[in-house]
J.: 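First, the structure itself, so that you have it in front of you.
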Amino acid sequence: MSDRHNGILLILDGWGHAPPAPGNAISAAVTPALDDLLTRYPTALLPASGTAVGLPDGVVGNSEIGHMVIGAGRPLEYDSLLVQRQVDSGELRRHPDLVAACTRLAANGGALHLVGLCSDGRIHADVAHVAELLHAAADAGLRQVFLHAITDGRDVADGSAGQHLDVLLGHADRAGAGRCVSVVGRNFAMDKSGKADLTAIACSLIVDAEAERVVPEPRAAVDGQAGDQWIPATVVSGDGSRHPVRDGDVVLFTNFRSDRISPLVDMVHTRLRDTGRSSVRLLSLAQYDTTAEVVPLVRRADASGGLADALEAAGVRSVRIAEREKFEHVTFYVNGRDPSARPFEEHQLVPTAVGDDYVAQPRMNVAEVARRVVEAAERDDVGVVVANLANIDVVGHTGDYEATVVATGAVDTAVATICAAARARGRWVLLVGDHGNAEQMVKTGNTGEQRPYGGHTHNPVPCVLVPAPESAYALDPRVTGAALPSVGPTVLQLLGLPVPPTMTAPRLLTEAAEPHRRPVRAAPTTN
Ligand SMILES: O=C(O)[C@@H](CO)OP(=O)(O)O
Ligand SMILES: [Mn+2]
Ligand SMILES: [Mn+2]
């Protein structure tokens, strides 16, 4: 039997594992293709959250770290972990760049503007990190510290924006520095789908203190509003004062994750430059992938030496395919946050036919993704197709259970199409989730009631191998220490390629006993 086959890595975004239960949209969906695969072939349940991938213990997984470790073949110290370490050690509060900026502002009467997602979802940000920045400002004697809160409702329960604002204001009270001057929903301030008009609303609010709504105190900005993600741009001013960014001020962005805050950062930079405020310095809590020059307080871990390097070294062509929401994930993040165009790599961004009403269009454009995957799989010059089926996560984030059930069914149809084409071309297919989401769409609220929940989970993700005909391999679901980083080395082994020493995660394969049948399990030895 041969151990050298071309294949398809299929990432089902948000595909976590949990037993059937109310709120489990995945087990409720009609998924004949996935059901067949999960019964016919061994399935590993891979840890995809917390320290298994390089996040702080107990933190849910996310697409960035998920795709990064799939590519890196090892856990990576994610930005939130690196920041948390500096918080815990006290280094962040004493960071030389931060202390210098606060000292200079205190001396020249300038202001520090803190801009970030206001929640403890710990996917994009953690409001607890802001406490350290406020103490640094207070320690430097800086009084002009203005807080620009971005409300969440996606990484945490919708309707919890007021609670998280209270936490932020509590940090400011305890530090003796910071007043909230603006509030806006993340779908304005953290849009990454290219809707510059939404970003501009948040930019005008933060940079120029411009908004239709003015409220006397922060809670009034969110109370009675429907949907934390869409809180309108609101100036908070009890005394009629406004606090735009003035020349000489510093703007510090407090999200540790780059992708959704970067469009705002770049627009703020352009607006300040174009309005003669070019001596405003932009800082960020962690490293961003912006066009603008932004000084990070915490630099990111190196994620190179993974799948992309190994494929390039072997001259194996890969085709990367996804809809917009997950396109950077199967390219930039799988490649280790490396923007360089690799030889032997093709990138196919599939347009998402819908606007952003995923509840009305839960199928998104997954049929077109499947068609492109089949097209690439039918090419002999393509060693591996790396594709992301986005629906389970993207529609899961709407919190709409029924829509997510339909989304999961649409993903199943795409899986059936892709696996049929792979079988016809003698390719293997490795299916895996990047973190959980739709398997848990309800959470128990403070008073014991079940509330819709559209965020990520701590659950493991299924990983199942549909072997190539005559393949030498089968997936072993019992590999010690196996976790999401095991996917990259496994893909290389399936391709018959050497696994670089940097990709240290254990592989998931065992010698197949018989092709097409579950490997014969050794009878338990009786002592
Ligand atoms: O949509 C996002 O930005 C996050 C949730 O906030 O999800 P993911 O990590 O799957 O991109
Ligand atoms: Mn994801
Ligand atoms: Mn998500």
Side-chain angles (χ1 to χ4, degrees), residues 10-16 25-26 46 48-49 53-55 59-71 78-80 116-127 150-158 160-161 164 185-193 195 198 228-229 255-264 288-289 322-334 337 352 356 358 364 386-400 404 407-408 411 431-441 453-462 484 487:
L10 209 45
I11 300 166
L12 277 55
D13 213 296
W15 186 42
I26 295 174
L46 301 180
S49 66
V53 293
L55 289 165
V59 174
V60 295
N62 72 65
S63 287
E64 281 198 351
I65 192 69
H67 287 76
M68 278 179 8
V69 300
I70 285 172
Y78 190 56
D79 310 77
S80 55
L117 187 64
C118 182
S119 87
D120 60 5
R122 298 200 285 179
I123 289 183
H124 284 271
D126 185 351
V127 67
I150 300 171
T151 53
D152 194 343
R154 183 179 173 99
D155 300 342
V156 292
D158 195 11
S160 62
H164 294 296
R186 63 179 277 170
N187 285 357
F188 295 101
M190 290 170 52
D191 174 79
K192 69 171 184 180
S193 60
K195 298 188 184 77
L198 298 178
D228 293 347
Q229 298 184 67
N255 286 19
F256 49 72
R257 172 163 161 175
S258 165
D259 64 343
R260 285 190 179 277
I261 198 75
S262 290
L264 175 65
Y288 289 172
D289 304 295
E323 292 191 59
R324 165 175 293 288
E325 283 264 359
K326 302 296 177 183
F327 179 67
E328 284 83 11
H329 297 89
V330 295
T331 51
F332 179 70
Y333 291 104
V334 163
R337 293 202 275 213
T352 296
D356 50 21
Y358 298 122
M364 299 173 64
V386 180
N388 179 300
L389 304 182
N391 309 59
I392 297 174
D393 181 64
V394 169
V395 183
H397 279 304
T398 67
D400 185 301
T404 310
T408 306
V411 164
L431 298 95
V432 68
D434 65 332
H435 54 76
N437 182 333
E439 78 285 357
Q440 182 187 336
M441 293 199 66
Y453 175 69
H456 296 173
T457 71
H458 300 90
N459 291 322
V461 294
L484 191 60
V487 171

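All ligand and atom numbering here is 1-based and tracks the order in the structure.
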J.: Please check this pair: side chain of Tyr358 against backbone of His397, looking for a donor-acceptor N/O pair closer than 3.5 Å.
T.: no
J.: At a 4.0 Å threshold, what atoms of ligand 1 neighbour a non-hydrogen atom of His124?
T.: 2 (C), 3 (O), 4 (C), 6 (O)
J.: Quick one: which ligand 1 atoms are inside 4.0 Å of a heavy atom on His435?
T.: 10 (O)
J.: Can you tell me which portion of His397 lies within the under-4.0 Å heavy-atom range of ligand 1? Options are side chain, backbone, both, or neither.
T.: side chain
J.: Hey, is the Mn ion (ligand 2) within less than 2.8 Å of some N/O/S atom on His456?
T.: no
J.: Is the contact between Glu328 and ligand 1 made by the side chain, the backbone, both, or neither, using heavy atoms and a 4.0 Å cut-off?
T.: neither
J.: Determine, considering heavy atoms only, which of Arg257, His67, Arg154 sits nearest to atom 11 (O) of ligand 1.
T.: Arg257
J.: Any sub-3.5 Å donor-acceptor pair from Asn62's side-chain atoms to His435's backbone N or O?
T.: no
J.: Would you give the angle at the Mn ion (ligand 2) between Asp434 atom OD2 and His435 atom NE2, to the nearest 10°?
T.: 100°
J.: Restricting to N/O/S, name the atom of His397 that gets closest to the Mn ion (ligand 3).
T.: NE2
J.: Does at least one non-hydrogen atom of Lys326 fall below 4.0 angstrom from an atom of ligand 1?
T.: yes
J.: What are the atoms of ligand 1, with element, lying closer than 4.0 Å to any heavy atom of Asn62?
T.: 9 (O)
J.: For Gln440 and Ala438, indicate whether the former's side chain and the latter's backbone hold a donor-acceptor pair under 3.5 Å.
T.: no
J.: Show the atoms of ligand 1 that are less than 4.0 angstrom away from any heavy atom in Asp155.
T.: 5 (C), 6 (O)
J.: Examine Ser63 and say whether one of its N/O/S atoms is closer to the Mn ion (ligand 2) than 2.8 Å.
T.: yes
J.: Could you state the interatomic distance from CG (Asp126) to CG (Asp155), rounded to the nearest 0.5 Å?
T.: 11.0 Å
J.: To which of Gly66, Ser63, Gly14, Gly396 does the heavy atom nearest atom 8 (P) of ligand 1 belong?
T.: Ser63
J.: Please verify whether a non-hydrogen atom of Glu325 lies at under 4.0 Å from ligand 1.
T.: no
J.: Which bit of Asp393 is near ligand 1, meaning a heavy atom under 4.0 Å away: side chain, backbone, both or neither?
T.: side chain
J.: May I ask you to say whether Glu325 pairs ionically with Arg260, meaning some side-chain N is under 4.0 Å from a carboxylate O?
T.: yes
J.: So which of the N, O or S atoms of Asp13 lies nearest the Mn ion (ligand 2)?
T.: OD1
J.: Could you walk me through whether Arg257 and Tyr78 pass the side-chain contact (heavy atoms from CB on, under 4.5 Å) check?
T.: CA-CA 9 Å; Arg257 172 163 161 175; Tyr78 190 56; 3.4 Å; yes
J.: Could you check whether His164 and Asp228, counting side-chain N and O atoms only, form a donor-acceptor pair closer than 3.5 Å?
T.: no
